[in-house]
Asks: 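Here you go, one structure.
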Amino acid sequence: MCPGLLTVLLTVFLLPSSVPEPLKYKDCGSQSGKLVTLDVSPCPEEPCPLVRGSTYTVNATFVSNVNSKSASAVVHGIIAGIAVPFPISEPDGCKSGISCPINSGQTYTYVTKLPIKSEYPCIKLVVKWQLQDENNKDLFCWLIPVHIAAV
């Protein structure tokens, strides 16, 4: 067998098994839009391991059902059923990949970074991430289980 053909066959048969599974999330009440895809990278398994001292990329594609001049991210960590506010470095969605104003029927991709500080405790929790329109209605809202881990 030709070495080139063997490489092609291995690529064709092995590549699909190396593609990660899409991230499973729960929609928690998107009112003003519909979440199409969500990716937190890297997140190789569930619950998503977030290593202290690392930074993760959040990439959410959604379709807006409303016109809005602005978009604001609101993030909480849910620990034992209690929502604890989680400040992020850039809550302005219009500075996170979205060209504002937002128009109804349009598809947008929200991209931001999620740094996990070294002082965060090692704990399992659920992340609740909302992107809200100018009327504080959710363009999207998602929940994913995570585990903050030591290096």
Side-chain angles (χ1 to χ4, degrees), residues 11-12 14-151:
T11 301
V12 168
L14 294 179
L15 185 60
S17 65
S18 66
V19 174
E21 289 290 318
L23 181 64
K24 293 176 187 159
Y25 62 89
K26 179 179 179 186
D27 187 302
C28 51
S30 302
Q31 302 161 310
S32 297
K34 177 172 176 28
L35 188 59
V36 178
T37 61
L38 173 64
D39 181 49
V40 177
S41 183
C43 179
E45 60 193 47
E46 292 180 33
C48 189
L50 302 178
V51 178
R52 295 187 301 185
S54 298
T55 300
Y56 295 81
T57 301
V58 175
N59 188 324
T61 300
F62 69 99
V63 177
S64 177
N65 295 333
V66 297
N67 294 324
S68 182
K69 295 175 189 160
S70 63
S72 300
V74 179
V75 182
H76 289 87
I78 301 174
I79 305 166
I82 299 170
V84 178
F86 185 89
I88 57 173
S89 59
E90 185 52 77
D92 187 348
C94 300
K95 294 179 180 176
S96 300
I98 298 172
S99 295
C100 291
I102 294 170
N103 297 307
S104 181
Q106 295 282 333
T107 300
Y108 296 91
T109 300
Y110 168 82
V111 180
T112 193
K113 299 289 185 188
L114 177 62
I116 306 302
K117 295 181 180 176
S118 300
E119 59 266 19
Y120 289 168
C122 292
I123 188 170
K124 287 186 178 182
L125 66 141
V126 174
V127 172
K128 179 179 182 181
W129 201 297
Q130 301 159 269
L131 186 68
Q132 298 180 330
D133 65 18
E134 64 188 35
N135 297 313
N136 297 323
K137 302 285 187 192
D138 291 339
L139 290 160
F140 63 72
C141 178
W142 52 262
L143 300 165
I144 62 166
V146 301
H147 175 230
I148 296 178
V151 177

Asks: Between atom CD1 of Ile148 and atom OG of Ser54, what is the distance when rounded to the nearest 0.5 Å?
Replies: 11.5 Å
Asks: Could you please spell out the steps behind the side chain to side chain contact (heavy atoms under 4.5 Å, CB included) verdict for Val51 and Ile116?
Replies: CA-CA 7 Å; Val51 178; Ile116 306 302; over 6 Å; no
Asks: How long is the span from the NZ atom in Lys137 to the OG atom in Ser68, to the nearest 0.5 Å?
Replies: 12.5 Å
Asks: Please evaluate residues Ile102 and Val66 with respect to the criterion side chain to side chain contact (heavy atoms under 4.5 Å, CB included), reporting the C-alpha separation (whole Å), side-chain torsions for both, the decisive distance (0.1 Å), and the verdict.
Replies: CA-CA 8 Å; Ile102 294 170; Val66 297; 5.8 Å; no
Asks: Below 4.5 Å, heavy atoms only, C-beta onward: do Gln106 and Ser64 meet side chain to side chain?
Replies: no
Asks: What heavy-atom pair brings Cys48 and Val40 nearest, and what distance separates the two atoms?
Replies: SG-CG1, 4.4 Å
Asks: Look only at the side chain of Ser30 and the backbone of Cys141, and say whether a donor-acceptor pair between them is shorter than 3.5 Å.
Replies: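 Yes: the side chain of Ser30 pairs with the backbone of Cys141.
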Asks: How long is the gap from CG on Asp27 to NZ on Lys34, to the nearest 0.5 Å?
Replies: 7.5 Å
Asks: Is there a donor-acceptor contact under 3.5 Å from the side chain of Thr61 to the main chain of Thr37?
Replies: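 Not confirmed, Thr61 side chain does not pair with Thr37 backbone.
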Asks: Within the structure provided, determine whether Tyr56 and Ser41 are in side-chain contact (heavy-atom separation under 4.5 Å).
Replies: no
Asks: Quick one: are Tyr25 and Leu35 in side-chain contact, heavy atoms under 4.5 Å?
Replies: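 Tyr25 vs Leu35: side chains touch.
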Asks: How about His147 and Leu50: do any of their side-chain heavy atoms sit closer than 4.5 Å?
Replies: no
Asks: Apply the test side chain to side chain contact (heavy atoms under 4.5 Å, CB included) to residues Leu114 and Val75: give CA-CA distance (whole Å), side-chain angles for both, the deciding distance (0.1 Å), then the verdict.
Replies: CA-CA 11 Å; Leu114 177 62; Val75 182; 5.7 Å; no
Asks: Give a yes or no on whether the backbone of Gln31 and the side-chain of Asp138 come within a donor-acceptor separation of less than 3.5 Å.
Replies: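 No: the side chain of Asp138 does not pair with the backbone of Gln31.
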Asks: Quick one, Leu23 with Glu46, criterion side chain to side chain contact (heavy atoms under 4.5 Å, CB included). Give me CA distance, side-chain angles, the key distance, then yes/no.
Replies: CA-CA 8 Å; Leu23 181 64; Glu46 292 180 33; 4.2 Å; yes
Asks: Could you tell me whether the side chain of Asp133 and the main chain of Asn135 form a donor-acceptor pair under 3.5 Å?
Replies: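 Checked: pair present.
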Asks: Whether the side chain of Tyr110 engages the backbone of Val58 through a donor-acceptor N/O pair (distance < 3.5 Å, no angle test) should be reported.
Replies: no
Asks: Keeping the roles fixed (side chain from Arg52, backbone from Tyr120), state whether a donor-acceptor pair exists under 3.5 Å.
Replies: yes
Asks: List, one per line, each side-chain donor-acceptor pair under 3.5 Å for residues 78-101, sequence neighbours excluded.
Replies:
unit_1	atom_1	unit_2	atom_2	d
Glu90	OE2	Asp92	N	3.1
Asp92	OD1	Cys94	N	2.8
Ser96	OG	Asp92	O	3.2

Asks: Report the relative orientation of the aromatic rings in Trp129 and Trp142; use parallel for angles under 30°, tilted for 30 to 60°, perpendicular for over 60°.
Replies: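 Trp129 and Trp142: parallel rings.
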